[in-house]
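Shown below is the structure under consideration.
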2 protein chains.
Amino acid sequence: MELEEPELREVPVTAVLAALADDVRLQIVRALAAGDEYACGTFELGVSKATRSHHLKVLREAGLTRTRVAGTSRYVRLRRDELDKLYPGLLDAVLTRSTAASNT
Amino acid sequence: MELEEPELREVPVTAVLAALADDVRLQIVRALAAGDEYACGTFELGVSKATRSHHLKVLREAGLTRTRVAGTSRYVRLRRDELDKLYPGLLDAVLTRSTAASNT
DNA sequence: GAGCTTGTTCGACTTCTGTCGAACAATGGT
DNA sequence: ACCATTGTTCGACAGAAGTCGAACAAGCTC
């Protein structure tokens, strides 16, 4: 079972943006940006595991994350370097803003 | 009839991203970024005027554009300064990429 | 191998979104 | 006043997206 991890250049901009335009997924991205690698199950998202799996798939297929299989777990990490290279400022802009989202 | 043009700070990040995550709207933003001010009717989008109106509304309510009423026309422009201040790099990242979107 | 753990996939359902034509509103010109 | 122009709003509709529980798959551990 191959994981679908496209080249970032081949992902339409709109797909990248759409992947980021969701609260749950933004939570995931924020968590990933704060650390290195996380097992899928470690995210506190307030949704079922089916839904979590769905969102991780969306992120992966939008080229935002990579997934490493290890035993029964899967470890996810942000493709930050590639993202920053192809969309300089995007991730920073989104993350800075989202962590400070409770401001007026 | 007041036009709804929210403070950018009060628009959720996800709403801004969602507004940009559409091909038609990206066309509009690209066109706006290339010039200054455009009447609604001047966009070549390949959609009905109802749809065009809808998309312009989405952009406006996401805080991305301002609209000036003049007679029977409405002139739209990008809120680029505010955008760049609040989301440095976002617009550039998106626009650079989208104009080069036909690459491999 | 039985059973547990970790994730994915499969319907099913609901809500959201893009799209359109038609009707409406507001303005300007003749 | 009438009509044309420019946009918006109103249903209506189809397709996409988020959500869930349940079933399934793949590895571990005993």
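Protein chains get the first letters and strands the later ones, always in sequence-line order, with residue 1 at the start of each.
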Establish, with yes or no, whether the OP1 or OP2 oxygen of D/dT5 is under 4.0 angstrom from a side-chain nitrogen or oxygen of B/S73. no

Quick one: what's the B/S/- string for nucleotides 22-30 of chain C, heavy-atom cutoff under 4.0 Å, read 5' to 3'? -----SS--

Using whole Å, what does the distance between atom P of nucleotide D/dG7 and atom CG of B/L45 come to?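 Going from CG in B/L45 over to P in D/dG7 covers 12 Å.
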
Return the value, rounded to whole Å, for the distance between atom CG of A/D22 and atom C1' of D/dG18. 8 Å

What is the distance, to the nearest angstrom, from the CG atom on A/D23 to the C1' atom on D/dT19? 14 Å

Within this structure, what is the NE2-to-C1' distance between B/H54 and D/dT9, rounded to whole angstrom?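 About 13 Å, once rounded to whole Å.
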
Below 4.5 Å, heavy atoms only, C-beta onward: do B/L26 and B/L20 meet side chain to side chain?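 Side chain of B/L26 against side chain of B/L20, heavy atoms only: contact under 4.5 Å found.
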
Is A/T51 close enough to D/dC20 that one of its side-chain N or O atoms is under 4.0 Å from OP1 or OP2 there?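 The answer is yes; a side-chain N or O of A/T51 sits under 4.0 Å from OP1 or OP2.
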
Any side-chain N or O of B/R74 under 4.0 Å from OP1/OP2 of D/dT8?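 The answer is yes; a side-chain N or O of B/R74 sits under 4.0 Å from OP1 or OP2.
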
For B/L56 and D/dT6, give me the distance from atom CG to atom P, rounded to whole Å. 15 Å

Considering heavy-atom distances to DNA chain D, does B/Y75 or A/G46 have its closest nucleotide positioned more toward the 5' end? B/Y75

In Å and rounded to the nearest 0.5 Å, what is the CG to OH distance from B/L90 to A/Y87? 11.5 Å

Would A/V94 and A/V29 satisfy side-chain contact (heavy atoms from CB on, under 4.5 Å), going step by step from the backbone distance to the final call? CA-CA 10 Å; A/V94 167; A/V29 171; over 6 Å; no

Select base, sugar-phosphate, or nothing to describe what B/H55 touches, counting heavy atoms under 4.0 Å on all strands.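 Sugar-phosphate, no base atom in range.
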
Mapping A/R52 and B/T67 onto DNA chain D by nearest heavy atom, which one lands closer to the 5' end?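 Counting from the 5' end, the first nearest nucleotide belongs to B/T67.
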
Option from A/R66, A/R79, A/R60 for which side-chain hydrogen bond (donor to acceptor under 3.5 Å, both in side chains) with A/E5 holds: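 In the set A/R66, A/R79, A/R60, the residue that makes a side-chain hydrogen bond (donor to acceptor under 3.5 Å, both in side chains) with A/E5 is A/R66.
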
Kindly say if B/S48 contacts the phosphate of C/dC20, meaning a side-chain N or O under 4.0 Å from OP1 or OP2.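 For C/dC20, OP1 or OP2 has a side-chain N or O of B/S48 closer than 4.0 Å.
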
Is a donor on one side and an acceptor on the other found under 3.5 Å between the side chain of B/R52 and the backbone of B/V24? no

Looking for any heavy atom pair under 4.0 Å, which part of the strands does B/A39 touch: base, sugar-phosphate only, or nothing?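 Sugar-phosphate contact only.
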
Go through B/I28 and B/L45 one step at a time and tell me if the side-chain contact (heavy atoms from CB on, under 4.5 Å) criterion holds. CA-CA 8 Å; B/I28 298 175; B/L45 301 171; 3.8 Å; yes

Please report, rounded to the nearest Å, how far the C1' atom of D/dA17 is from the CG atom of A/L59. 14 Å

Is any side-chain heavy atom of A/F43 closer than 4.5 Å to one of A/L32? yes

